[in-house]
Amino acid sequence: MPELPEVETVRRGLEPVLAGQRIARAEVRRPDLRWPFPPGLAARLTGARVLALRRRSKYLLADLDGGDTLIAHLGMSGRMLVSGATLGAFHHPHPAPARHDHVVLDMDGGARVTFNDARRFGAMDLWPTADLGRHRLLAGLGPEPLGNEFAGATLHARMTGRFTPVKAVLLDQRVVAGLGNIYVCEALWRARISPLRLAGDVTAAEADTLAAAVRAVLLDAIAAGGSSLKDYRQADGELGYFQHSFAVYGREGAPCPRADGGTVARVVQSGRSSFFCPACQH
DNA sequence: CGATGCCCCTGAGAGC
DNA sequence: TGCTCTCAGGGGCATC
């Protein structure tokens, strides 16, 4: 679930549960995920009130009233499960602790948020809110693709002179923050640009098209509640459904949705699958 | 500095 | 049923 649209969907699901609420009890069930948790994490969370829940790139940021921000990354398999709250038409009682439930936050009022992460590529840290820009995981991030700093011109500037595939540049979080494999593939398809093209060969006009495609696919995906691969669910128990709108991702061998006679192909670039239509992406 | 692999970890699904 | 193999939405880090 962990590209920008999925993280934003998680943020929206958690916001009513966390924002303005106090953490009555925090439980940390193992000492680390990708990295060790900060010392005394459970104690430092207990009693804190969540002022706001924000997102930067693929990071969730929970600002606490003590002056720190809880930084959370979902990695590849991280999930935030909500229970003990009535959301929509459903009431979710607390389930028994499950395998890979690593951090549990019990809020005043009875809601519980459980961070479950099977592969443990996720991470959590605490950092002064006023100094977040200097956190090692946040300091180097490029512009938000849905913000004003991201445009064709800035993207083009970051691609000129680079002898690496455009696919790799879009995945580089220093160039633009929040894209992952799915939405890079989909944006390149929308822009009719092959993932194999060298970044330095992308023209200014194509960069404009590409930046617009990135924005459009992210907005469409957010509107759909993100993409649900495997059995991922949003915090409220609903499935995202943007996976039904994939043009190329995971569709090797299928006809291109443009009905241009092309068949979706898969190539491996820097260890990851790229899906594209050779007929319309050049 | 830029580009390329490797690696962290578990689970699902395919093939035999 | 059970084994082995491949692959997976990320990204830091070592190496050339």
Side-chain angles (χ1 to χ4, degrees), chain A residues 1-11 29-37 55-60 71-80 98-102 115-125 135-142 145 157-188 195-201 214 217-218 221-222 224-234 239-246 248-253 266-275:
Chain A
M1 64 188 108
E3 297 182 45
L4 188 154
E6 291 72 39
V7 178
E8 177 60 23
T9 298
V10 169
R11 191 197 68 79
R29 297 167 54 84
R30 58 172 298 131
D32 58 59
L33 287 176
R34 176 162 187 177
W35 297 287
F37 288 125
R55 178 191 58 74
R56 168 75 169 111
S57 186
K58 301 173 192 176
Y59 293 89
L60 288 168
I71 303 168
H73 195 287
L74 301 174
M76 290 279 268
S77 56
R79 302 163 188 205
M80 294 288 186
R99 189 167 166 76
H100 308 307
D101 283 354
H102 304 310
F115 186 9
N116 178 289
D117 182 11
R119 294 179 69 181
R120 302 206 305 274
F121 291 168
M124 274 192 178
D125 203 2
H135 190 277
R136 67 185 184 96
L137 296 174
L138 305 176
L141 292 175
R158 294 300 301 266
M159 293 197 295
T160 52
R162 292 193 62 177
F163 287 87
T164 195
V166 61
K167 166 86 183 293
V169 173
L170 291 176
L171 283 174
D172 186 341
Q173 303 297 298
R174 299 169 299 181
V175 174
V176 54
L179 298 181
N181 207 30
I182 290 178
Y183 297 106
V184 166
C185 289
E186 293 295 311
L188 286 168
L196 301 167
R197 276 276 289 288
L198 291 186
D201 290 343
V214 165
V217 73
L218 294 178
I222 291 171
S227 303
S228 293
L229 275 53
K230 312 273 175 73
D231 58 351
Y232 161 67
R233 286 167 182 274
Q234 300 176 30
L239 289 167
Y241 54 90
F242 191 74
Q243 67 278 11
H244 302 304
S245 299
F246 290 167
V248 288
Y249 185 83
R251 301 190 69 244
E252 181 183 12
R266 183 178 80 96
V267 296
V268 176
Q269 295 180 280
S270 44
R272 292 199 157 79
S273 292
S274 295
F275 299 91

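Quick note: numbers below take in every heavy atom, side chains included, and nothing from hydrogens, waters or symmetry partners. Letters A, B, ... are given to chains in the order of the sequence lines, protein chains preceding strands, and every chain is numbered from 1.
Distance, L4(A) CG to dG9(C) C1': 13 Å, rounded to whole Å. Distance Y183(A) OH to dG9(C) P: 12 Å, rounded to the nearest Å. For the pair I182(A) CD1 and dC7(C) P, the computed distance is 17 Å after rounding to whole Å. Distance, L170(A) CG to dG9(C) P: 15 Å, rounded to whole Å. The distance between atom CZ of R79(A) and atom C1' of dA8(C), rounded to the nearest whole Å, is 12 Å. One can place CZ of R30(A) at 8 Å from P of dT10(B), the figure rounded to the nearest angstrom. The CZ-P distance, from R56(A) to dG11(C), rounds to 12 Å in whole Å. As a whole-Å value, the separation of H100(A) NE2 from dC9(B) P is 13 Å.
Here the side chain of N181(A) is nearest to one of dG9(C), dC8(B), dG11(C), namely dG9(C).
Pairing of dC9(B), defined by two Watson-Crick or G-U wobble distances under 3.5 Å, is not identified with any nucleotide.
Ring geometry, Y183(A) versus F246(A): the interplanar angle exceeds 60°, so the pair is classed perpendicular (tilted spans 30 to 60°).
A donor-acceptor contact under 3.5 angstrom links the side-chain atoms of R119(A) to the base of dC9(B).
Residue R120(A) places none of its side-chain N or O atoms closer than 4.0 Å to OP1 or OP2 of dC8(B). Between S273(A) and the phosphate of dA8(C), there is a side-chain N or O to OP1/OP2 separation shorter than 4.0 Å.
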Which pairs, protein N/O on one side and nucleotides 2-4 of chain B N/O on the other, fall under 3.5 Å?
| from | atom 1 | to | atom 2 | distance (Å) |
| --- | --- | --- | --- | --- |
| dA3(B) | OP1 | F163(A) | N | 2.9 |
| dA3(B) | OP2 | R162(A) | NE | 3.0 |
| dA3(B) | OP2 | R162(A) | NH2 | 2.9 |
| dT4(B) | OP2 | T164(A) | OG1 | 3.3 |

List every contact pair, protein side and nucleotides 12-16 of chain C side both N or O, where the distance is under 3.5 Å.
| from | atom 1 | to | atom 2 | distance (Å) |
| --- | --- | --- | --- | --- |
| dG12(C) | O4' | R34(A) | NH2 | 3.0 |

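A heavy-atom distance below 4.5 Å is found between the side chains of V184(A) and K167(A). The side-chain heavy atoms of H73(A) and D125(A), taken from C-beta on, include no pair separated by under 4.5 Å. The side-chain heavy atoms of V166(A) and D201(A), taken from C-beta on, include no pair separated by under 4.5 Å. Under the 4.5 Å side-chain criterion, counting only non-hydrogen atoms from C-beta, M159(A) is not in contact with V175(A).
Of the possible donor and acceptor atoms, one in the side chain of H102(A) sits under 3.5 Å from a partner among the backbone N and O of H100(A).
When all heavy atoms of F37(A) and D32(A) are compared, the closest pair comes out as CD1-N, 3.7 Å. Nearest heavy atom pair, residue E3(A) against residue I182(A), reads OE2-N, 2.8 Å. The shortest heavy-atom contact between V169(A) and A199(A) is CG2-CB, 3.5 Å.
Only the P atoms considered, dG5(B) is 16 Å distant from dC7(C), to the nearest whole Å.
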